[in-house]
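As structure tokens, the structure follows; a few thoughts come after it.
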Amino acid sequence: MSKRLLYLEKLTSEGKADSFAWYALGLEYSNAGRIDDALGAFKSLRDKDAAYVPMYLMCGTMLATAGRADEAREWLEAGITAANKAGDTKALGEIRDALAKL
């Protein structure tokens, strides 16, 4: 297990993590092939900060790659809403592209 992953697990378990730490934890789990752990981290982030737009694309594409299209679609559709609210047109385009590929 990488030092970065250990650090992020410790940080998030202690309640000292900001949104980026939760996002990074999800990415680390995803990169390690730990899809359910990554999904758990992204869900925790969504519960804490639903406006954190990057998580929707990363989680959605991770789930799509894992063959979990229905879950991916839910995350990507929620990401469209979040990106619209935030006025993030770049993320909106990327999320729409990912959704179109499902």
Would a 4.5 Å heavy-atom cut-off, applied to side chains only, mark [X] and [Y] as touching?
X	Y	answer
C59	L39	yes
F42	L27	yes
L11	D18	no
Y52	W22	no

Checklist entry - Are E77 and Y56 close enough, and set up right, to give a side-chain contact (heavy atoms from CB on, under 4.5 Å), and what steps lead you there? => result CA-CA 8 Å; E77 288 173 351; Y56 295 101; over 6 Å; no

Atom [atom1] of [X] and atom [atom2] of [Y]: how far apart are they, to the nearest 0.5 Å?
X	Y	atom1	atom2	result
L99	E94	CG	CD	13.5 Å
M58	Y23	CE	OH	4.5 Å
K43	K48	NZ	NZ	14.5 Å
T12	L45	OG1	CG	11.0 Å
L63	I35	CG	CD1	7.5 Å
E28	L6	CD	CG	10.0 Å

Next on the checklist: Under 6.0 Å from the ring centre and within 45 degrees of the ring axis: does the NZ or CZ of R46 meet both conditions for the six-membered ring of W75?
Outcome noted: yes

Checklist entry - Could you go step by step and tell me if D37 and E9 meet the side-chain contact (heavy atoms from CB on, under 4.5 Å) rule? => result CA-CA 11 Å; D37 290 329; E9 286 179 333; over 6 Å; no

For residues [X] and [Y], report the shortest heavy-atom separation together with the two atoms involved.
X	Y	result
A98	L57	CB-CD1, 3.8 Å
A72	G60	CB-O, 3.2 Å
L102	A69	CD1-O, 3.9 Å
V53	A86	CG2-CB, 4.1 Å

Item to check | D70 atom CG, over 12 foreign heavy atoms within 6.0 Å | outcome: no

Next on the checklist: Any side-chain to backbone donor/acceptor pair from S30 onto G26? Under 3.5 Å, distance only.
Outcome noted: no

Checklist entry - Any Lys/Arg nitrogen of R68 or D36 sitting under 4.0 Å from an Asp/Glu carboxylate oxygen of the other? => result yes

Checklist entry - Do L76 and R96 pass the side-chain contact (heavy atoms from CB on, under 4.5 Å) test, and can you show the C-alpha distance, the side-chain angles, and the key distance before you say yes or no? => result CA-CA 8 Å; L76 294 170; R96 283 185 174 152; over 6 Å; no

Checklist entry - After noting the C-alpha distance and the side-chain angles of L5 and L25, does the key distance pass the side-chain contact (heavy atoms from CB on, under 4.5 Å) rule? => result CA-CA 7 Å; L5 182 55; L25 180 62; 3.5 Å; yes

